[in-house]
There are 2 protein chains.
Amino acid sequence: MFRLLGRWLRAILATLLTLLVPLVAYVGFLYATLQQQEDDRAHLETKKQYLQQLASSTRLAPDAPNIIFFLYDDMGYGDIGAGVTNPGLIATPNLDRLAAQGVTLSDFHSPSPVCTPARAGYLTGRLAPRAGLPDVVFPTDRLQGILPRLGSHDAHLRLPAEEITLADVLGAAGYRTGMIGKWHLGDRSPSLPNDMGFGFFYGALYSNDMQPFAWYRNRSLDTPAPADQTRMTEVYTREALAFIEQDSSQPFFLYFAHNFPHDPLHVRDARRGLSGAGLYGDVLEEIDEGVGQILDALRRRGELENTLILVTSDNGPWFLGDAGSQRGRKGSTFEGGQRVPFIAHWPARIPGGRTEPAMAMGTDLLPTLLQILDLPPPGDRSLDGRSILPVLTQGGETPHDYLYYYDSDQLFAVRDERFKYRGAAGVSYATDATPLAFRVPQKEWLFDLENDPREAYDASDNQPQPLARLRQVFEAKQAEMRGNLRGWH
Amino acid sequence: MFRLLGRWLRAILATLLTLLVPLVAYVGFLYATLQQQEDDRAHLETKKQYLQQLASSTRLAPDAPNIIFFLYDDMGYGDIGAGVTNPGLIATPNLDRLAAQGVTLSDFHSPSPVCTPARAGYLTGRLAPRAGLPDVVFPTDRLQGILPRLGSHDAHLRLPAEEITLADVLGAAGYRTGMIGKWHLGDRSPSLPNDMGFGFFYGALYSNDMQPFAWYRNRSLDTPAPADQTRMTEVYTREALAFIEQDSSQPFFLYFAHNFPHDPLHVRDARRGLSGAGLYGDVLEEIDEGVGQILDALRRRGELENTLILVTSDNGPWFLGDAGSQRGRKGSTFEGGQRVPFIAHWPARIPGGRTEPAMAMGTDLLPTLLQILDLPPPGDRSLDGRSILPVLTQGGETPHDYLYYYDSDQLFAVRDERFKYRGAAGVSYATDATPLAFRVPQKEWLFDLENDPREAYDASDNQPQPLARLRQVFEAKQAEMRGNLRGWH
């Protein structure tokens, strides 16, 4: 009997010890994570100081432009007239006019091949892992709201409060700031649009295929779920017009992030069947009609000349839509997943009718706006973007030595103006066009984009120097991010 | 105590009954499967009768052509000069010459987007599910060799013996038949190349990424695994030349199925780095060198004029390679997965320098060869192919009302000359360029290939009549296949 008990005790002890090791490891991990978060949150203070300093030291020039940033959702490189490869099935006369009278960049990239991290990059000037939000976020249900996800940074649920957005900067500098449309950077304070620099918000907190899909006016529910998506473009445009037409002595910054053409697609009845590209085309044409109304309003107010209008997309096309003659679609770090249309229209400063080939990325918007307004960058953090103002106004060289392609927190590729290097550590969703059963072998590839724009042929053999150089740049970036992911100074 | 026993007995009985239901169902299923297999095997007899009848009744015309069928593995629509979209990085002067002096089909499709079923379709004139081999086969290990896979037709491991191949027909009609290269239709009798009509075989039983990768001469091991793939193209070409140059009064049929450019890629040292498209291009250039040697041999023998040379691929490109400006790659039923280059060269009968736009599929080869030799089709089974001899010799209309796109045993799409309809029942690997996390919504799509060759826009809204018609054709095909999958008469 005692012997049996002894055996039991030994078994229990062994079990406890076996459990202890991972437990200790997990507690250690949690502790390190919390330490890290505290570090990160210290930058909330430096953010506030930076914005206060901007607010107190900035006197906006009388000719500071209005700024409208149109961000389409899942629109591909080949979908609109401003693209190089558009087959002309979709009539977007207003975008076409903006392109014709402005500048288009033919080698512009979203900061990520999927929604949330792309938006984090556009708004902060930092690559998504650096901005603390590398993955797509979903509506926080009760469980997610209470528990931080095991093993992941709590901030993975939302844009961290210490990040500095376009709206933070422009608001501090004296702009009237507003946002219409899809946020998708967290559905709880302190990461709601009104927390992150936007004086006004009307729109949805997520993608239009996520539930509950409702529209908010600032922090209050305006249209309960399910919001009628056949009215979405109309409602968003109406709200944008109301924002633009408010009486104000300040210039405005409007971030107009359409939920469309992300799936599911809807238009109002009167627009159905008008395009040559089915419902997808109808949706883009209805959005374009709204763009036209906004241009009319600006013209009426005499403000079109000095409004900087930016138009682009958050990633390549998803189920429908045209990536142009590129490899890959949404979710892929091949060019079709990230190279998107880009138009900048600003008659007062940007000579029109030009297409510029300089490579650029969505992280460049914040530094570009800083340069336009002659504002200092924040001193406590790295930005990944570079100002492309010279490219927009006069053309010429890209400000980048290299562009980095991240999906989630993994670096997939790096490129210079001619070559694109893919690392050997790709995972399944790097497979691009291949189905689940066929995973990409984890090989190192070098694509010569100049001669092989569809990324079909690994040029490693023929180009040993670019291969070695870009491999080094790739590894240096990985090391840099491992050492100081958030880029704090 | 008795009560306890009673309780135990009841529990045991309940458990047994619970187990009995699936057991009975499984036995019933096995019985039905075995019945089905017996049905199928009855056609082994009618196959023999058909081939005997061909053998006894056929007198080959003195001008019956030699036939060489080059099948490349995973070569894309944009890879070679005969493609429309080739960027010219890969020098294939011999294929270019065949294309220039022969006919190319710009809308030709492999019967499947993956290796094994594509080959089943090319060789039998039947879609892969009909030919009893809808899925890729792998080396049969001990377990697979002993047990039929649960819930799947035993024949899923190999091309069923009752299937009639190009080699069966041509051999019976009086041809000397040989095969070089990749078989991939089963690694056991009665489904080896020498069982299925080929008088001579040299090559591999599987893809070059499968283990053990060895070369066989007929039924005997010639080069044990791992065979040196840097020598593969050279060895295959040498064997092909030896086959062609055999003394014989018969015309020959050579099925030359290169293992390349399927991954992994290898060339002999002297060819490395010569192409403008890395190792992939080097591989295609080495194969083309071999094609040139074969053309030289035919010319020397005075046989080039009356040799029908066919060149195509088993599916779109995999990890590397260029699908041209099409959506999808290997594994996808979008055009990039199945539309492949096609060249037919036969100076005696085919006027050269032409590109024909008629839609066609690899299942057309067998009916085409039957027409060339004026042989009757088998009477006991449906063929899915149609003769494209008139298209090859004089151009004009496709013989197909519709082409059907199968992946595994699932119908994904049907098209006519202008529209392509995708059914609503697509599964994850229909996602094409989208990663695992983003599954295609199971929607019905209609693509207008004439105006939207990249399958970007669902035209259902704009084209209700084609939608309804193609949906009906799609459903009728599904019903037909459900009713009589193997197409037995």
Side-chain angles (χ1 to χ4, degrees), chain A residues 76 78-79 85 87 89-90 114 136 209 263-264 272-273 275-282 316-325 327-332 334 336-337 407 428-438 440-441 443 445-446 448 451-454 456-462, chain B residues 76 78-79 85 87 89-90 114 136 263-264 272-273 275-282 316-325 327-332 334 336-337 407 428-438 440-441 443 445-446 448 451-454 456-463:
Chain A
D79 280 331
T85 54
L89 298 176
I90 305 172
V114 288
V136 172
D209 61 344
D263 187 84
R272 188 145 189 162
S275 85
L279 189 51
Y280 188 97
D282 298 344
W318 201 12
F319 306 133
L320 296 174
D322 187 3
S325 185
R327 182 170 181 175
R329 302 171 68 83
K330 177 179 181 176
S332 163
F334 289 107
D407 186 12
S428 66
Y429 45 68
T431 55
D432 179 44
T434 54
L436 172 59
F438 301 98
V440 163
K443 289 176 182 169
W445 281 339
L446 183 76
D448 177 351
N451 292 306
D452 173 28
R454 282 196 293 266
Y457 305 118
D458 172 26
S460 297
D461 253 31
N462 305 66
Chain B
D79 280 331
T85 52
L89 298 177
I90 305 172
V114 288
V136 171
D263 187 85
R272 188 142 190 166
S275 84
L279 190 50
Y280 188 97
D282 297 344
W318 201 12
F319 307 133
L320 296 174
D322 187 3
S325 185
R327 182 171 180 175
R329 303 170 68 85
K330 177 178 182 177
S332 164
F334 288 105
D407 186 12
S428 66
Y429 46 68
T431 55
D432 177 46
T434 54
L436 173 58
F438 301 98
V440 161
K443 288 176 185 172
W445 281 339
L446 183 76
D448 177 351
N451 292 307
D452 173 28
R454 282 196 292 265
Y457 305 118
D458 172 25
S460 297
D461 253 30
N462 305 64
Q463 302 286 354

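The chains referred to below are lettered A, B, ... by the order of the sequence lines, with proteins before strands, and numbering in each begins at 1. Quick caveat, the model's predicted, so the values are computed rather than measured.
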Subject >> Shortest non-hydrogen separation from B:Y457 to A:G78 and the atoms involved >> reply: OH-O, 4.0 Å
**OP:** Can you tell which part of A:D209 gets under 4.5 Å to a heavy atom of chain B, answering side chain, backbone, both or neither?
**Re:** neither
Subject >> Pairing residues for B:D458 by the side chain to side chain contact (heavy atoms under 4.5 Å, CB included) criterion, not counting sequence neighbours >> reply: A:L320, B:W445, B:L446, B:S460
Original post:
Which one of B:G273, B:G321, B:G316 has the most heavy-atom pairs closer than 4.5 Å to chain A?
Top reply: B:G321
Original post:
Measuring heavy-atom distances to chain A, does B:D282 have an atom under 4.5 Å in its side chain, in its backbone, in both, or in neither?
Top reply: side chain
Original post:
Ignoring hydrogens and geometry, is there a side-chain-to-backbone donor-acceptor pair from B:N462 to A:S275 under 3.5 Å?
Top reply: yes
**OP:** Please name all residues satisfying side chain to side chain donor-acceptor pair (under 3.5 Å) with A:D461, sequence neighbours left out, ordered by chain then number.
**Re:** B:R272
